[in-house]
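Chain naming here is simple, since letters A, B, ... match the order of the sequence lines and numbering starts at 1 in each.
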Amino acid sequence: MFQYQYTEIKPLTTAHLAQTMALLTLSIDELQQEIDAQLAKNPALEIIEERRCPACHKRLPPKGKCPICSKPSTEHPDEPVVFLSPREDFYQPSGATHQDVPEDQFSAAVEELPTYVLRQIAPELKENERIIAAYLLTHLDEDGLLSIPLIEAAQYFHVPMSTMKEIQTKIKKADPIGVGSCSTQEAMLIQLELISEQKSIPEYATEIITNGDHLASKRHYPDIAKKYNLPVKQIHDIVKFVGENLNPFPARSYWGNVRQPAPEAVQVYRQPDIIISYLNEDPENPLSVEIILPTFGTLQVNPLFKTSIKEADQEKVDDWKKDLDKASLFVKCIQQRYNTIQRLMQKLVVYQHDFILLGDKYMKPITRASLSEELSVHESTISRAVANKTIQLPNKKIIPLAGFFDRSLNVRSVLKEIIEQEKKPLSDAKLVQSLQARGYKVARRTIAKYRAMEGLLPAHLRQPNA
DNA sequence: CTATGGCACGGATT
DNA sequence: AATCCGTGCCATAG
């Protein structure tokens with residue numbers, strides 16, 4: 001069934017356990033840093049090159065043939081293949097497949113907004129500026145905000161911050177006004193600026209947004225009013241204006257609940273830890289689950305180091321022995337990490353099969369606790385394994401692995417469907433009934449929350465559908 | 001009076 | 001022990 005079983009790891013010392021747990025919570029980027037650090041200070045560790053399958057370029061298991069080419073598992077199309085892969089495959093997706101997949105197709109899902117924006121501003125940019133703009137635009141999060149510090153980009157391209165800011169400003173003025181801003185405030189300020197060219201804007205609006213005071217709830221208005229020495233009514237009006245005219249998340253075309261998707265908690269996803277895709281990008285093939293390795297080769301204890309330790313000076317032997325122990329422990333811990341994640345994914349992928357292939361609507365709620373029981377590991381192990389990881393689905397969307405445990409995603413997605421299909425806008429209470437008819441039992445108040453989560457407007461603000 | 005958002009409580013989950 | 005999530009109650013807007 002599964003093509004590539006990782007070897008079970010037997011002995012568990014407390015030190016082993018502690019380090020494994022620490023490593024388990026790390027994302028792939030953090031793990032890479034950790035490995036680099038260990039590699040630098042421990043001479044007993046080394047990385048050896050992998051053997052690759054000449055046809056499909058996938059990493060070969062230590063023994064046997066390539067699981068992809070030599071033994072295609074088309075006999076079991078419903079069962080996922082789980083195997084490990086070096087992260088290189090992520091960067092060279094087309095090189096890693098048998099068929100030629102055009103590169104832009106690979107990133108099509110992610111690049112819709114970026115290319116749209118770039119097309120608008122391209123004419124007014126020089127060639128090198130265009131490259132920088134493209135770089136910035138590929139680092140937008142799902143809300144349309146910049147996911148990297150501007151300085152980082154400036155250093156990367158060796159250009160002064162002033163140039164960087166100029167380019168960013170041009171991006172910000174492009175269609176979803178405010179895209180590429182570093183923060184929600186920045187996005188709103190640029191919107192405010194553009195609006196002010198057409199009509200008048202309330203006094204002090206700029207200051208209030210800069211200080212983030214528009215986020216305050218109503219009972220704090222008196223405090224704010226005092227702060228600016230203005231009547232409460234005016235504060236109220238300004239906040240109302242801000243709410244009606246500005247959009248803190250340029251990529252969303254509407255206001256969600258401002259406090260619900262806490263702006264600073266917006267996650268940035270760059271490198272997925274796990275990739276689920278069809279073998280060789282062909283939907284006819286079974287699914288493959290790649291758990292990305294942070295290294296290009298295999299991390300191992302340097303065998304030369306092992307032998308030479310016998311002939312070493314007596315004084316140094318102690319130190320070397322320590323290094324050796326540390327190294328082998330580290331390698332074991334990392335293997336343990338993969339082992340855990342792999343076992344987790346095997347269960348998860350089978351369980352959420354429909355969700356992975358067919359979308360949000362088919363998400364089956366599952367708790368970490370129940371999974372831990374099935375795998376007979378501690379709950380916290382699952383929690384750690386899921387934490388800080390992202391996963392790329394066959395449709396190229398990258399979501400946090402924790403999304404697999406979303407309790408309400410299926411209901412929310414059905415809710416969205418109902419609203420999309422409704423003729424007249426339905427009130428929350430009516431939506432409760434519609435959902436109940438489809439077998440989902442939810443309270444009225446909860447509908448409101450789900451709407452907010454999905455950024456859907458309340459009934460009286462929605463347009464009647466044709 | 002109806003629809004919706006805010007706050008807070010309690011149970012489940014981590 | 002800390003956090004998350006669904007829900008009930010109440011205030012407020014329309």
Considering only NZ, NE, NH1 and NH2 on the basic side and carboxylate oxygens on the acidic side, decide whether A:K41 and A:D323 come within less than 4.0 Å. no
Touch class at under 4.0 angstrom, heavy-atom based, for A:A459 against every strand present: sugar-phosphate
Measure the distance from [atom1] on [X] to [atom2] on [N] and round it to the nearest whole Å.
| X | N | atom1 | atom2 | result |
| --- | --- | --- | --- | --- |
| A:D428 | C:dC9 | CG | P | 17 Å |
| A:F405 | B:dA12 | CZ | C1' | 16 Å |
| A:L461 | C:dG14 | CG | C1' | 11 Å |
| A:L431 | B:dT2 | CG | C1' | 15 Å |
| A:I366 | B:dT14 | CD1 | P | 10 Å |
| A:E373 | B:dT13 | CD | P | 12 Å |

Check the side chains of A:E186 and A:Q168 for a donor-acceptor pair under 3.5 angstrom, ignoring hydrogens and angles. yes
Flag for A:S383-A:S380: side-chain donor and acceptor within less than 3.5 Å: no
For every nucleotide of nucleotides 2-7 of chain C, 5' to 3': is a protein heavy atom under 4.0 Å from its base (B), only from its sugar-phosphate (S), or from neither (-)? ---SSB
Of all heavy-atom pairs between A:R337 and A:I28, which one has the smallest distance, and what is that distance? NH2-N, 4.4 Å
Between A:Y351 and A:K364, is there a cation-pi geometry (under 6.0 Å to ring centre, at most 45° from the normal)? yes
On the nucleotide B:dT13, are OP1 or OP2 found under 4.0 Å from the side-chain N or O atoms that A:R368 carries? no
Mind checking what makes side-chain hydrogen bond (donor to acceptor under 3.5 Å, both in side chains) contact with A:T381, not counting sequence neighbours? none
